[in-house]
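Worksheet for the structure shown next.
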Amino acid sequence: MDALKPCPFCGKNTGSIRLRNMYVPSDKAVFKDDYEAVCLNCGANTGRIYSSAFVRRNGKFVFHKDGYAEAVAGWNRRAEPEAPSPEEPGDHKNSDERREGND
């Protein structure tokens, strides 16, 4: 399992994956638990709840979806820095050329 990256807002290594709740829907065929990724220092979070699911097969619950791993991946996801846009030809004149044009 990947380790949590530092908080993208405060920079502290206080990220945490919290178990929000566990529940069994009324049909009792699925067991679910929900996780959220949050910084314990500044409160930043991914704004999303990630669910694990266990389904009943042959009378036993079988792991179906890993919400914990999704919460870690969500916390560790960072926006890629935007590449600078290509400059148009003639957009950059050095300061001497600009001053000469203003005479």
Practice task
Go through Trp75 and Ser16 one step at a time and tell me if the side chain to side chain contact (heavy atoms under 4.5 Å, CB included) criterion holds.
Solution key: CA-CA 9 Å; Trp75 179 261; Ser16 178; over 6 Å; no
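- Residues Phe54 and Ile17 share a single hydrophobic cluster, defined by chaining ILVMFWY side chains whose heavy atoms lie under 4.5 Å apart.
- Of all non-hydrogen atoms in Cys10 and Asn41, the two that sit nearest each other are SG-ND2, 3.3 Å.
- Expressed to the nearest 0.5 Å, how far CG of Asn45 lies from SG of Cys7 amounts to 9.5 Å.
- Aromatic ring pairs are classed by plane angle as parallel below 30°, tilted from 30° to 60° and perpendicular above 60°; the pair Tyr68 and Tyr35 is perpendicular.
- When side chains are defined from C-beta on, Pro8 counts as touching Arg78, because their heavy atoms get closer than 4.5 Å.
- Distance CD/Glu70 to NZ/Lys65: 4.5 Å, rounded to 0.5 Å.
- One finds the CZ atom of Arg20 at 15.0 Å from the NZ atom of Lys32 (value rounded to the nearest 0.5 Å).
- Taking both residues in full, the closest heavy atoms of Thr14 and Cys39 are given as OG1-SG, 3.1 Å, listed atom of the first, atom of the second, then distance.
- Side chains of Asp34 and Leu19 form no contact here, defined as non-hydrogen atoms less than 4.5 Å apart.
- Residue Lys5 places its NZ atom among more than 12 non-hydrogen atoms of other residues, nucleotides or ligands, all under 6.0 Å distant.
- Here Asn76 contributes atom CG and Thr46 contributes atom OG1; the two are 11.0 Å apart, rounded to the nearest 0.5 Å.
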